[in-house]
Amino acid sequence: MARRKKASRRRSPRAVSLLNVAESYAYANVLTSGLMGTTPVGFVTGATDLGMKMVSDSVGGYNTSSMVAVGGGSISLGDIVSAPDQAFGIVQSNFMNNYQAMAVQSLGIGISFRLGKRLLRRPISNVNRNIFKPLGAGFKL
């Protein structure tokens with residue numbers, strides 16, 4: 001009986017594509033700006049205006065205090081951890097206000113990157129072959 005050929009192992013690409021990274025960041029920016037009201041970096045680092053502020057009121061002789069969100073539309077990862085119920089309410093309202101714009105932007109990003117890669121295929125290949133490959137940088141265009 002003849003031996004069967006062993007299937008060759010597929011290797012993962014050795015280089016990271018900078019265009020794919022840029023496309024992923026563009027999609028992340030659409031999501032975080034539409035849902036969280038900030039950039040992806042601002043969402044992770046917490047560089048937003050939302051914070052919790054203690055508000056005291058005097059109603060009918062009684063002192064009441066409550067937590068109030070400051071900066072309404074933008075939240076960060078730390079805000080989700082500290083006050084998840086309020087943060088998810090803000091995300092839900094942001095989604096209801098921005099879902100159509102987010103859909104149009106994501107379609108535009110997909111079409112533009114696909115078209116750009118198609119039109120610039122030869123120059124991109126030339127740069128990868130003649131500049132990045134000899135350097136062995138670990139990334140490509």
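On a predicted model such as this, the values are computed, not experimentally measured, just so you know. Scope of the values below: all heavy atoms of this structure, side chains included, with no hydrogens, waters or symmetry mates. Each residue takes its place number in the sequence, starting with 1.
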Worksheet entry | CE-CG distance between M102 and N97, expressed to the nearest 0.5 angstrom | 11.5 Å

Item to complete: Scan for salt bridge (Lys or Arg N to Asp or Glu O under 4.0 Å) pairs involving residues 91-116, sequence neighbours excluded, and state none if there are none.
Response: none

Worksheet entry | Pairwise ring-ring contact (aromatic ring centres under 6.0 Å, His included) hits with a residue in residues 102-128, at least two apart | none

Worksheet item: Which residue pairs satisfy the ring-ring contact (aromatic ring centres under 6.0 Å, His included) criterion with at least one member in residues 120-141, sequence neighbours excluded?
Response: F132-F139

Response to the item:
V91 meets the side chain to side chain contact (heavy atoms under 4.5 Å, CB included) criterion, sequence neighbours left out, with L35, M36, I75

Fill in: Path from I111 to Y27 over hydrophobic side-chain contacts below 4.5 Å
no

Practice prompt. Please name all residues satisfying side chain to side chain contact (heavy atoms under 4.5 Å, CB included) with S17, sequence neighbours left out, ordered by chain then number.
Written response: L19, N20, K140

Worksheet item: Taking atom CD1 of I90 and atom CD1 of I80, what is their separation to the nearest 0.5 Å?
Response: 9.5 Å

Worksheet entry | Partners passing side chain to side chain contact (heavy atoms under 4.5 Å, CB included) against V41 (at least two apart in sequence or in another chain) | Y25, T39, T45

Practice prompt. Just grab all the salt bridge (Lys or Arg N to Asp or Glu O under 4.0 Å) pairs involving residues 87-99, residues at least two apart or on different chains.
Written response: none

Practice prompt. Provide the full list of ring-ring contact (aromatic ring centres under 6.0 Å, His included) pairs with a residue in residues 78-98, sequence neighbours left out, each pair given once.
Written response: F95-Y99

Item to complete: Could you tell me whether a side-chain N or O of D79 sits under 3.5 Å from a main-chain N or O of S76, the two making a donor and an acceptor?
Response: yes

Fill in: side-chain hydrogen bond (donor to acceptor under 3.5 Å, both in side chains) pairs, two or more places apart, involving residues 124-135
S125-R129, N126-N130

Worksheet entry | Sequence neighbours excluded - salt bridge (Lys or Arg N to Asp or Glu O under 4.0 Å) pairs with any residue from residues 22-31 | E23-K117

Worksheet entry | Closest non-hydrogen atom pair, N94 against G37 | ND2-N, 4.3 Å

Practice prompt. Identify the heavy atoms of A103 and S106 that sit nearest to each other, and give their distance.
Written response: O-OG, 2.9 Å

Practice prompt. Would you give the length of the straight line joining atom CG of L120 to atom CZ of R118, rounded to the nearest 0.5 angstrom?
Written response: 12.0 Å

Discussion item. With clusters defined by side-chain heavy atoms of hydrophobic residues (ILVMFWY) lying less than 4.5 Å apart, directly or transitively, does V30 cluster with M96?
Written reply: yes

Practice prompt. Please write out which residues are connected to V81 in a hydrophobic cluster, directly or through intermediates, given that two of Ile, Leu, Val, Met, Phe, Trp, Tyr count as joined at side-chain heavy-atom separations below 4.5 angstrom.
Written response: none

Worksheet item: Rest of the hydrophobic cluster containing L115 (Ile/Leu/Val/Met/Phe/Trp/Tyr, side-chain heavy atoms under 4.5 Å)?
Response: L119

